[in-house]
Amino acid sequence: MTNKKPAVWYEHLHTEKHTGARRGRIHTPHGTFETPMFMPVGTQGAVKGVGTRELKDIGSQFILSNTYHLWVRPGDELIAQAGGLHQYMGWDQAILTDSGGFQVFSLSDARKLAEEGVTFQNHVNGDKMFLSPEVAMRIQNNLGSDVMMQLDEAIPYFESYDYIKDSMQRSLRWADRAQIAHKKPDSQGLFGIVQGAGFKALRSESANGLVGMDLPGYAVGGLSVGESKLEMNRVLDFTMPLLPEDKPRYLMGVAAPDSLIDSVIRGVDMFDSVLPTRIARKGTLMTRRGRVVIKNSKYKNDFTPLDPDLSYYSANPIRTNQFGNQSQFDNPNYNPFQNLTRSYLHHLFNANEILGAQLASQHNLRYLLQFMEDMRTAIENDDLLAFRATVMEEYGYNKPNARLF
RNA sequence: GGGAGUGUAGCGAAGUCUGGCUAAACGCGACGGACUGUAACUCCGUUCCUUCGGGUUCGUAGGUUCGAAUCCUACCGCUCCCA
């Protein structure tokens, strides 16, 4: 055993007194980032509607991208020529790439699954393309992401026990192949993905198998695909304790505020989800007082801010004003979200202006990033249960028929 | 003045020849909803009134018929062409 740190490693800072929630940091070749964290999703090398400048301004740390989609277009070789994905998309912080495992699920009508790998009929021009654990590693090595995900199969939650067992075991074998195929363990960290749907024995077999491989981090997959929140918590209850405490733990595809808290309480450090940007593009804002469907006519004359409780964060607060003029943008405390009214955003959506989708996307991401900042503070103060109670109350989860994001 | 065409639900537009299966296609707009490791500015509802039994509609007024948006008569409006 050497003391040499892997490319990606977890530093533990604090354990919340009442819940055991973790407060830590993840070290990567592109910087060190605070956990628990939420990672915006930029599938095709772009967080839809939000530029890298804005991402940084609103406090993004890691962002996600996708192996399958970048492989299909523009191609991993091309991105390697460009100097890697960071360079290509102009993002100097950490990137995590999903493997294409989710596309095995979401593009299930256009692919064939076998032990060797997955044959996709790609969604752009119909070409047959073969994705194996090894190919997924080659692509991600070319992309140069900080965290790479093993190729797995994201399984529908309500499949049969036998199907889930077979699939989980195959994903486990694929993890093994991925680790062997990994060409750059010194600069990129490979995470394994625990599968097994709602079955304790299968989750356990999956987790134990992956932990035995001593990967730098572990993800829990196959959740938030239609099962209830109660179900998800039940699975996390018996799955999280199986994962090592000195490695980052990533719950894939979760963004609902109550689920974020409940998962952090169960030991999760990292989250991602398309939810904030997807619903933003369709006109739904996430706010501290619940959802705001900005297209609803009741916002037509509403001149209040989008979210009165949202603060703004800027990593580069002072802009150089090349003209020497005073403007609101020179104020380091300037909060663009405070100055935008619901009426204005309603109008932008109504008029189908692209800016509406952009602002809403930034807003929702900022909302979640601030939510995680607040949660980190609550953990540091051993105050997470009170934070949870406040959220449940303020966001209206305690109301009858509550169903927020 | 002469000739041709046309009036359908918020708007556009089918249906009229060959009357019933038409409260009336379709599109837009409007109003709701869904969305959680992104084939997604997408998808799904509702959109004459209603106490859900029904009621009142297709420029207006009459007529024919068991039955009319559809056939007949008159009137009103609009568009285009020629003078």
Side-chain angles (χ1 to χ4, degrees), chain A residues 38-50 62-70 72-73 95-111 120-126 129 136 140 145 147-155 157 171 191-195 217-229 232 250-260 263 268 270-284 286 291 293-300 346 348-361 364 368 403-405:
Chain A
F38 177 81
M39 304 179 283
V41 179
T43 305
Q44 308 194 73
V47 176
K48 293 186 191 300
V50 187
F62 265 78
I63 61 172
L64 233 73
S65 202
N66 184 278
T67 299
Y68 169 82
H69 285 281
L70 293 176
V72 171
R73 184 171 55 188
I95 297 176
L96 181 151
T97 42
D98 188 27
S99 58
F102 186 74
Q103 281 63 45
V104 178
F105 167 76
S106 64
L107 301 177
S108 59
D109 292 341
R111 53 79 173 160
F120 285 99
Q121 185 154 29
N122 91 44
H123 64 283
V124 175
N125 62 12
M129 300 179 76
Q140 294 181 89
S145 48
V147 172
M148 322 155 78
M149 302 306 298
Q150 67 152 114
L151 183 65
D152 68 332
E153 180 195 357
I155 326 165
Y157 194 81
S171 287
F191 282 23
I193 303 174
V194 179
Q195 292 291 355
Y218 296 97
V220 177
L223 290 177
S224 69
V225 287
E227 82 288 0
S228 71
K229 297 190 179 204
M232 189 167 93
Y250 164 29
L251 175 58
M252 309 181 83
V254 169
D258 57 338
S259 297
L260 291 174
S263 306
V268 176
M270 307 164 75
F271 301 90
D272 79 286
S273 171
V274 306
L275 188 72
T277 44
R278 177 178 286 168
I279 67 177
R281 262 174 284 132
K282 288 117 181 226
T284 299
M286 305 173 80
R291 67 164 55 201
V293 181
I294 202 67
K295 289 175 78 168
N296 288 1
S297 52
K298 63 180 169 185
Y299 297 114
K300 187 174 182 180
H346 173 85
L348 292 181
F349 270 94
N350 217 251
N352 204 23
E353 283 289 344
I354 292 169
L355 184 61
Q358 293 174 326
L359 291 174
S361 298
N364 281 355
L368 276 177
R403 228 216 106 261
L404 299 182
F405 315 114

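All values reported here derive from a predicted model rather than from experimental measurement. Just so we're on the same page: letters track the sequence lines, and every chain starts at 1.
- The side chain of A/Lys282 lies closest to B/C35, out of B/C35, B/A39, B/C31.
- The side-chain contact (heavy atoms from CB on, under 4.5 Å) test applied to A/Lys48 returns A/Gln44, A/Arg281, not counting sequence neighbours.
- Note on A/Gln150: nothing from the nucleic acid sits closer than 4.0 angstrom, heavy atoms only.
- Separating the OH atom of A/Tyr250 from the C1' atom of B/G37 is a distance of 4 Å, rounded to the nearest angstrom.
- Distance, A/Asp98 CG to B/G37 P: 10 Å, rounded to whole Å.
- In this view, A/Phe102 and A/Phe105 satisfy the ring pair (Phe, Tyr, Trp, His ring centres under 6.0 Å) rule, not counting sequence neighbours.
- Here B/C35 presents its P atom at 13 Å from CD of A/Glu227, a figure rounded to the nearest Å.
- Between B/G27 and B/G33, the two P atoms lie 22 Å apart (nearest whole Å).
- Summarising the geometry of A/Val254 relative to A/Ser259, their closest heavy-atom pair is CG1-CB, 3.7 Å, with the distance given to 0.1 Å.
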Identify the pairs formed between an N or O of the protein and an N or O of nucleotides 43-45 of chain B at a distance under 3.5 Å, and give each distance.
none

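- Rounding to the nearest 0.5 Å gives a distance of 8.5 Å between CE of A/Met270 and CG of A/Leu64.
- With B/G37, B/A39, B/C41 as the choices, the nucleotide that has an atom nearest any side-chain atom of A/Arg281 turns out to be B/C41.
- Nucleotide B/A30 forms a Watson-Crick or G-U wobble pair with B/U46, both donor-acceptor distances falling under 3.5 Å.
- B/G12 and B/U8 have their C1' atoms separated by 11 Å, with the value rounded to a whole Å.
- If you check B/G7 for Watson-Crick or wobble pairing at under 3.5 angstrom, you find it paired to B/C76.
- The neighbour count for A/Ile354 CD1, taken as heavy atoms of other residues, nucleotides or ligands under 6.0 Å away, does not exceed 12.
- For A/Arg291, a side-chain nitrogen or oxygen approaches OP1 or OP2 of B/A34 to under 4.0 Å.
- Side-chain atoms of A/Asn296 and base atoms of B/G32 include no donor and acceptor less than 3.5 Å apart.
- A heavy-atom distance below 4.0 Å to RNA chain B is reached by these residues of residues 349-358 of chain A, ordered by number: A/Asn350, A/Asn352.
- An OP1 or OP2 oxygen of B/U38 is reached within less than 4.0 angstrom by a side-chain nitrogen or oxygen of A/Gln103.
- Annotation: B/A23 and B/U57 have their P atoms spaced 13 Å apart (nearest Å).
- The separation of B/C78 from B/C71, taken at their C1' atoms, amounts to 24 Å, rounded to a whole angstrom.
- Judged purely by atom type and a 3.5 angstrom limit, A/Thr67 has no side-chain atom pairing as donor or acceptor with the backbone of A/Gly100.
- Heavy atoms of A/Ser259 sit nowhere under 4.0 angstrom from any nucleic acid atom.
- Rounded to whole Å, the C1' atom of B/A25 lies 14 Å from the corresponding atom of B/A69.
- Applying the side chain to side chain donor-acceptor pair (under 3.5 Å) definition to pairs two or more places apart or across chains, those involving residues 97-108 of chain A are A/Asn66-A/Gln103, A/Thr97-A/Gln140, A/Thr97-A/Ser145.
- Base orientation of B/G53: syn, the glycosidic angle falling within 90° of 0.
- Residue-level contact check: A/Gly222 touches the bases, meaning some heavy atom is under 4.0 Å from a base atom.
- Here the P atom of nucleotide B/U38 and the CG atom of A/Leu107 are 10 Å apart, to the nearest Å.
- Rounded to whole Å, the C1' atom of B/A4 lies 36 Å from the corresponding atom of B/C21.
- Pairing of B/C66, defined by two Watson-Crick or G-U wobble distances under 3.5 Å, is identified with B/G20.
- B/C49 and B/A9 have their P atoms separated by 14 Å, with the value rounded to a whole Å.
- Close to B/G32, at under 4.0 Å from its OP1 or OP2, lies a side-chain N or O of A/Ser297.
- At the phosphate of B/A39, OP1 or OP2 sits under 4.0 Å from a side-chain N or O atom of A/Ser106.
- For A/Asn364 (side chain) and A/Thr284 (main-chain N/O), a donor-acceptor pair under 3.5 Å exists by modelled atom type.
- Partners of A/Glu153 according to the salt bridge (charged side-chain N to carboxylate O under 4.0 Å, His left out) rule, which considers only residues two or more places apart in sequence or in another chain, are A/Arg170.
- To the nearest whole angstrom, the two P atoms, one in B/G7 and one in B/U60, are 13 Å apart.
- B/U57 makes up no base pair with any nucleotide shown, lacking Watson-Crick or G-U wobble contacts both under 3.5 Å.
- Put simply, NZ on A/Lys300 is 10 Å from P on B/A30, counting in whole angstrom units.
- Nucleotide B/G1 forms a pair with B/C82, judged by Watson-Crick or G-U wobble geometry with both contacts under 3.5 Å.
- Straight-line distance from the CD1 atom of A/Ile294 to the P atom of B/G33: 12 Å, rounded to whole Å.
- A/Asn66 comes within 4.0 angstrom of sugar-phosphate atoms only, judged by non-hydrogen atoms across all strands, and of no base.
- When rounded to the nearest whole Å, the span between CG of A/Asp272 and P of B/C35 equals 17 Å.
- Across all strands shown, B/C52 forms no Watson-Crick or G-U wobble pair with both key distances under 3.5 Å.
- Between A/Lys295 atom NZ and B/G33 atom P the separation is 11 Å, expressed in whole Å.
- Here A/Leu64 lies in heavy-atom contact (under 4.0 Å) with sugar-phosphate atoms only.
- Which of B/A40, B/A39, B/C35 sits closest to the side chain of A/His123 comes down to B/A39.
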